[in-house]
Amino acid sequence: MSVPFSGTLRRSGGIVSAIGKQLKSVNLKGVKRITVQFDPFAENVKSTREFLFLLSTPKVSLSNPKCVVKPEIVCDRSPAFIKFSLIDSAQEQAKVKEIRFNSANLNTLELLQLCNQHVSTLAPPEEITNKVLTKAEKQKLGGGAGGGKKATKKK
Amino acid sequence: MSNLIQQSLPLTSARSPLLQFLRYRGKINIQRPKEPHYERARVIAVTQPKYPEPPKAITCFQSRAQRTGTQLENPYNAIVAREVLNWLNHSRLAAVFHLNSINADEIFRVRVQLHKQNMHLKSYGRKIIGQAVTGTAYEAILPLFHSNHCIVFSPNPQQIGALLRITRKVPQMVLLGGIVESKLLSRNELMDFAKMPSLQVAQAQLVQTLNQAAGTVVQQLQAHQCNLVKVLDVHAKGESSSTEEAT
């Protein structure tokens, strides 16, 4: 008799594709300012630096062009942290003024996961502004009379 | 064969020449080849290459370790490492920056601006820098190269001001630290170094302070005489002005 199937149908793509997947869902609309502070000679700042690099990519920075990412370099071997200063609506929603990640013992994937868990959820929902109508849609809305008038005008 | 048998006069034969064309109008057959003759097939069978089969008894982990473990060291890495060490030894100022996501256009613009000041923007991989620097005096800068980075080399340490001015306009370049005259400086120390006056000015200040000690002694010795001279001058001017008024 055959053994019932157990295991995965698809293999995971590794840590790089996991990071890519998290990056796609990063939304900084609820953030006013991001401060990344680290000491380059301290231990375990690689993940902070990688996170800083990923925040500066065009895809992530275009999710909120008003958000400023400020790297701060210190020289006192203090542990690295990342501070997200929230906008007012996000502050009301989360009941805190800023979110701080102590990134000394977190790796890049974990930082992105926490960011998506805590920060991307605070993005205000998008409002649909004026929707541009195509000619066909306008004619449909205009109805028979308007369509008839337009036809005579064309002639 | 038929053209070998002479049936007519020698020069009057209208036979085609001994060349016989095998192919006419393309389309040769390679998909359904003829079975070779037994002898030919035997030679082909004997001359087939035999490749050693990988052992089937090892586990997946072992085979993966075999595949990924044996990586040959590229000798070009040694050449580039030597170049890096050369740059570090011959430039009196080397500044290391963290590089965020940047366009090639923008980094080229920075490179051009730096080149005009005779500064050189370089970037190498961490492995190569590690190879270049471990065991030398520059080993302490290794932690700066964990992430995306670039290095600026300059033969003149006084250009730190120009370097900071150019990179201030580029938000993607974040200064981490540097080496000045074989001394490792952190970011704050580099900024202080940029604010310091040049060597000549510092030497002039030193000479001034050294002379100040002797100068104060001389001044104090001559104080009373100078005072007397000044008072006499004022008195003389006062008398001369009064005589002028009288006349």
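Chain A is the first sequence line, chain B the second, and so forth, proteins listed ahead of strands; every chain is numbered from 1. As a basis for the values below, the full set of heavy atoms in this structure was taken, side chains included, without hydrogen atoms, waters or symmetry mates.
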At their closest point, which heavy atom of A/P40 faces which heavy atom of B/L176, and how far apart are they?
CG-O, 3.7 Å
The complete set of ring pair (Phe, Tyr, Trp, His ring centres under 6.0 Å) pairs with one or both residues in residues 73-113 of chain A, sequence neighbours excluded, reads A/F84-A/F101
Quick note, ring pair (Phe, Tyr, Trp, His ring centres under 6.0 Å) partners involving residues 29-79 of chain A, not counting sequence neighbours, are none
Which side chain or backbone donor-acceptor pairs connect chain A with chain B at less than 3.5 Å?
unit_1: A/R49; atom_1: NE; unit_2: B/H98; atom_2: ND1; d: 3.0
unit_1: A/R49; atom_1: NH1; unit_2: B/L144; atom_2: O; d: 2.6
unit_1: A/R49; atom_1: NH2; unit_2: B/H98; atom_2: ND1; d: 3.3
unit_1: A/R49; atom_1: NH2; unit_2: B/L144; atom_2: O; d: 3.1
unit_1: A/E50; atom_1: OE2; unit_2: B/S147; atom_2: OG; d: 3.3
unit_1: A/S56; atom_1: OG; unit_2: B/S101; atom_2: N; d: 3.1

Interchain contact, B/L175 with chain A, by part (heavy-atom threshold 4.5 Å):
backbone
Taking side chain as everything from C-beta outward and backbone as N, CA, C, O, which of these in B/L99 sits under 4.5 Å from a heavy atom of chain A? Side chain, backbone, both or neither.
backbone
What are the residues of residues 13-32 of chain A, in order of number, with any heavy atom under 4.5 angstrom from a heavy atom of chain B?
none
